[in-house]
Structure formats: C-alpha cells, structure tokens
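Encoded as structure tokens, the structure appears first; notes follow it.
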Amino acid sequence: MTREDAATIFERIALLLELKGENTFKVRAYRTGAEIVESFSGDIMKLATENQLTGIKGLGEALRDKLHEMAATGKLEFYEKLKAEFPDTLFELFDVQGLGPKKVAALHAELGVSSIADLKRACESGEAAKLSGFGGKTVEKILESIAFREQHASEFRQDQVYPLVQQILETLREHPDVSHAEVCGSFRRGKETVHDLDFLVATKHPDQVIAAFVELPLVADVIAKGPTKASVHVTNGVQCDLRAVSNKEFPFALAYFTGSKEHNVAIRQRALNRGCSLNEYAFTSVPDHADAPVIPPIHDEADLYRALDLDFIDPELRENTGEIDAAEHGVLPRLIQLENLRGVFHNHTTASDGGATLREMATAAHDLGLQYLGIADHSKSSFQANGLDEKRLLGQIEDIRGLNAEFDDLRIFAGSEVDILKDGSLDFSDEIMSQLDYVVASVHNVFNLPEAEMTKRIIRAIENPYVTMLGHLTGRLLLQRPAYHVNVAAVIDAAAETGTIIELNASAWRLDMDWRWWKLAKEKGVKCSINPDAHSTQGLQAVIYGVRAARKGWLTRKDVINCLPLAEVEEVLKAKRSR
Ligand code: DGT
Ligand code: CA
Ligand code: CA
Ligand code: ZN
C-alpha cells in the first residue's frame, strides 16, 4: 500500500464519519491524518511497517495503529466495516462540483441519494431543490457538473495513468521474451488526458507475452485476447491495449500507434508522394512507381523520419500542426527536458492550504537539487484556503529571509498567490506586493462572468507592475470543471505588452495554460514558468506533467524562466517592476 492509498483511506473515513454525524474532532483527526501521511517528508510507510510512528505531530495513537495495520497487511478492518455500511457508488458524489460533505449528507439522509444516478434524478425531479442549502443555482450547477463528467466519462488525467504506465512498462521489459517495450498513443504524445493506453512490445514469442500480460495482478478484466494483441481493464478502470510485433516491425508499429492519426495520415501521404508505402508493419517502395527509391535499412523511428527527409519529430509534437514542415526545414525546437528545471515558483505551505511547513518544503526542494524555491501561499480573500492577511504575509517574508540564512545552496523567494478580485483589482496593495520577490495573480472565485468581463478583469490584474506572473489562466480542472470564459489570445497579447510571465500550472488537474496556446505565446515573446502549485513536498513532482505539457507546446529551455540559473532568474523577477 502506497502513502497515497493510505491517505485516501483516512480521507474517506473522515467523509463517512461525517455522514454518520460523528463528532467533528474525530472527523478532523482523520482529515489531518490524511494530510500528514501525504506530506510527511520521509518514508512514512516504512516507519509504519516497523511500528515506528510515535512522535509524529498530529498523528494520535488510534491513527498510528491504523496506519501500521495498513502498511503491514495492505488493508484496514475498521475502514472495510465502515464502508460496508454505505453503497460503493457514494464516493462518486464527492467528485461533483459544489457538493461538499454537508450537502452529500443531506441528500443521503433525506432523499436516500447514494450515487450520481440518484443525484441526477433528485435534481431533475425538483426534490433536491427543496432541501435547505440547495437554493438558487445550486441544482443547475450540479446538473451541469454531472453533464460535464458524463462527457468525459472515459478519460483519465496524467496522475491517474502516469505511475501505471511506468509500472506496466517495467513489468513488460522484465519479461525474458521482450526485447523492446514502449507506450504509444496519446500518452506518449503527452496529451493532458487519455482514453486508453496503448502498449507495444517486440518479441519472438507474442503468445507468451500476451498470456503474461493478461495475468498481471493489476488486471481487473480481459476485454479481448488474441495471438498478438490483448485489451484489458486494470483496477482503476483504465483500458490498456497491448500489441506484440517482431523486432523488424517495431519501429513502424511504434510510429503508427503513437499517432496522432492526423500526423500518420500526413506522413503516409509524404511516403506515397515519394513512391513508398508505409503502414504499421513496414516501409516499402511501391514496385511500379516511376521513381520508387531504394529504402535504407530502418532500425528506429529516427531512421524512418530520415528516410522521408525529415528530422526526428518528438512524439509530443505529432499532432499535424506544423511539425512536419518544421522537420523538413530543420527548424524543430529542441524541447525542454525535466533536467533543465533549476527551481520552481508557486508552492504552498501550511501557512495557507499546503500540507508541509515552509522548512519542509525548503528541505524537499533542496533534496531535489533545486537552486531556488518560490513560496506563494494564498492571499486573504481565499479564506477557504486559509489565505494570509497582510500581517501574516509580512511575518512569512521574515521567516523566509531567516530560513535563507540557513541554506547556502538553495534560495527561497518570498511570493504570494494573490487573488484577482472580481473587478480585476488585487487582494494586496502595491505597497505590500513591493516587499515580495514576486507575485502570482490568480482567479479563485466568481468564475461565471461573461467572456469580455473576465478578459478585462484578468488584463487589468496583469497590468499591475507587481504581478510577475499569471496563475492558471482558465481555472479549468481537467475532467471535472470546464475553463471559465476568457479570451486567451487577448490575455497573451496583454502579457506580452506588460512583460508578464504566464504560468504553466503543472498540476495534473490543471495543465493550464493549455499546450495549444504556447506556440502563439512564444511567438509573441511571452515567457513561461512551469509551476507545480505544490500543496505538499510530494506535490513538487508535478513538474513532470508540466514539462510534458510544455514540450507539447513546442517550448525549449529558453522559453521557460525556471530553467535559468539563480542570478539570471532574479533579474527576470525584477524586470517588470523596473520597466
Ligand atoms: P486516445 O483517444 O486518448 O486513446 O488517443 P490515441 O491517439 O491513443 O488513440 P487510439 O488509442 O485510438 O489509437 C492509438 C494510435 O493508433 C493513434 O494515435 C493513431 C493510430 N491509429 C488508430 N486508428 C487509426 C486510423 O484509423 N488511422 C491511422 N492512420 N492511425 C490510427
Ligand atoms: Ca490510446
Ligand atoms: Ca487504443
Ligand atoms: Zn491557485
């Protein structure tokens, strides 16, 4: 059992106890427990296995015992029993926008709502609207949220598939009959969400590899199984396809199943124009074609692109949006890599809604080998996230200056994620912001403005000289909440004009600003900051998703400010205010 699994179980216990009307102290103990497990800077599951949990602040005896039980046995009796009192589908309700535990409890107790299907019925029949707290637009919003979820029902975010892909690839590569294994499809192309995962192996014994694949412990059910391919669902519901080909076929199959379909069609046409035929198994010259060429030996994808007089095209770029032309002219960008990042901005601590203290965050950043860490806790208007008022912020700045003296190879920048208020003014005065090293400005409420008004609001905010960067431009939560209405192109123009950096929020839930806009932003001269928006030490890892999205947006290390060494990034942070 991973620490995430254990934290989820504590979180769910808290929810279920709340539904049962248990006292709030008990509920809060589990919720705090979940946060501690998630953000503990050390191997908490190892400590739990060895029963070495005493002395961890906020983790009482009852929770320590439960954590030990989970680590040692892989499950928790208390939770299994509690869960059995409720239907399985109940947990779906917690993912619906606008439905907190209180509303779920009311729906459950008064209308017997125990699933999204029940909820939809209760909303459509008018029953839900009669409950207290369900006035105004609540029901309408719930129905919209359900519709949005239905539309994206068979998609998964990066965080739901990334660890799975690593695990399956590792297992496939360990198989003695497998010479190459890769993941293809939308995952390899770095899409923000995927429908299914497409694995490919090269082997002389397809039957044996397929047989081993469908027997993997994480396989929940087998959808189809043939001599060279299989489709399964794994335990979290993701469909995984596996195809087995020969070593010789591997590069062609890899290119084909990586897609995109549009890229494939264009590449195949290019082959045809040169008297060649290309499919998922081979690249051959068309016999009766007037100037059919001699095909050079092809061992990998780079050889394949070379045979078509193209530079190698990174998988993230294969969307037929100009990459083939750029490859022909030798002007493809050298895409950013994870190793290029030297620091990260926009991170939260326990001062607002983060799970780790300032010191824990700094230690974690230091251990990751980063040169700088930007703190940006919420500002006072984000009271639901325990946003800091002026006094607490000034105190935090002092703490950061003090902590900086303790680290000689990590610089901590004092920042704030300042709310953009409804009219585009900011939650802190210029006088306060001028004392910070940088400011991330973000919209956290009043999402339902008309496009023109939202655009004006954001542009007004970034016109402020102290707003260093714009946070999560559209506010989308992938698969859960659509973007609010905003004219992204106009915001990009304003960012270019004012010298404001735009964030690529690296949280797998956001990946906002979307990759589709970065090519334009770059042309306009707007710089990117890949921001993990970490709410725990673990959360710093989100940069992995951010870098994938940045690559998909054609970005190089030169376009991303947190690839700069410390001395240069300091200048960049100061540039806008001294214009
Ligand atoms: P998704 O929807 O997130 O699974 O997206 P993909 O791109 O992974 O789509 P998928 O799994 O249906 O197919 C994997 C790749 O196989 C796709 O990117 C390109 C290739 N492919 C599938 N069907 C066709 C087709 O009809 N024509 C061509 N040219 N390529 C195809
Ligand atoms: Ca796929
Ligand atoms: Ca597929
Ligand atoms: Zn935010």
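Just so you know, these numbers use all the heavy atoms, side chains as well, and skip hydrogens, waters and symmetry mates. Whatever order the structure lists them in is the order used to number ligands and atoms, beginning at 1.
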Give every protein N, O or S atom lying under 2.8 Å from the Zn ion (ligand 4), naming each by residue and atom. Glu417 OE2, His444 NE2, His472 NE2
For the rings on Tyr281 and Tyr256, is their centre-to-centre separation under 6.0 Å? no
Can a donor-acceptor pair be found between the side chains of Glu360 and Thr537 at a distance below 3.5 Å? no
Please tell me if the side chains of His346 and His348 come closer than 4.5 Å, counting only heavy atoms from C-beta onward. yes
Specify whether Tyr372 and Phe413 have parallel, tilted or perpendicular ring planes, treating 30° as the upper limit for parallel and 60° as the lower limit for perpendicular. perpendicular
Take Thr321 and Trp554 through the test side-chain contact (heavy atoms from CB on, under 4.5 Å) and record every step on the way to the result. CA-CA 11 Å; Thr321 55; Trp554 290 57; 4.2 Å; yes
Let's go through Glu249 and Leu200 carefully: what are the C-alpha distance in whole Å and the side-chain angles of both, what is the deciding distance for side-chain contact (heavy atoms from CB on, under 4.5 Å) to 0.1 Å, and is it a yes or a no? CA-CA 11 Å; Glu249 292 163 339; Leu200 179 69; over 6 Å; no
Intermediate values then yes/no, salt bridge (charged side-chain N to carboxylate O under 4.0 Å, His left out), Lys391 and Asp389: CA-CA 6 Å; Lys391 187 156 167 265; Asp389 59 15; over 6 Å; no
Take Glu192 and Arg516 through the salt bridge (charged side-chain N to carboxylate O under 4.0 Å, His left out) test and state the conclusion after the steps. CA-CA 11 Å; Glu192 68 279 22; Arg516 294 162 184 83; 3.0 Å; yes
Parallel, tilted or perpendicular: which describes the rings of Phe199 and Phe213, with under 30° parallel and over 60° perpendicular? tilted
Short N or O separations between ligand 1 and the protein, below 3.5 Å:
from     : atom 1 : to     : atom 2 : distance (Å)
ligand 1 : 2 (O)  : His195 : ND1    : 2.8
ligand 1 : 3 (O)  : Ser186 : OG     : 2.6
ligand 1 : 3 (O)  : His195 : N      : 2.9
ligand 1 : 4 (O)  : Asp196 : OD1    : 2.9
ligand 1 : 5 (O)  : Ser186 : OG     : 3.4
ligand 1 : 7 (O)  : Arg189 : NH1    : 2.9
ligand 1 : 7 (O)  : Arg189 : NH2    : 3.3
ligand 1 : 8 (O)  : Ser186 : N      : 2.8
ligand 1 : 8 (O)  : Ser186 : OG     : 3.4
ligand 1 : 8 (O)  : Asp198 : OD2    : 3.2
ligand 1 : 11 (O) : Asp196 : OD1    : 3.0
ligand 1 : 11 (O) : Asp198 : OD1    : 3.2
ligand 1 : 11 (O) : Asp198 : OD2    : 3.1
ligand 1 : 18 (O) : Arg189 : NH1    : 3.2
ligand 1 : 30 (N) : Tyr256 : OH     : 3.4
ligand 1 : 30 (N) : Asn264 : ND2    : 3.3

Hey, what's the ring geometry for His378 with His444, parallel, tilted or perpendicular (30° and 60° as the breaks)? perpendicular
Where the Ca ion (ligand 2) is the centre, what is the O-to-OD2 angle for Asp196 and Asp198, rounded to 10°? 100°
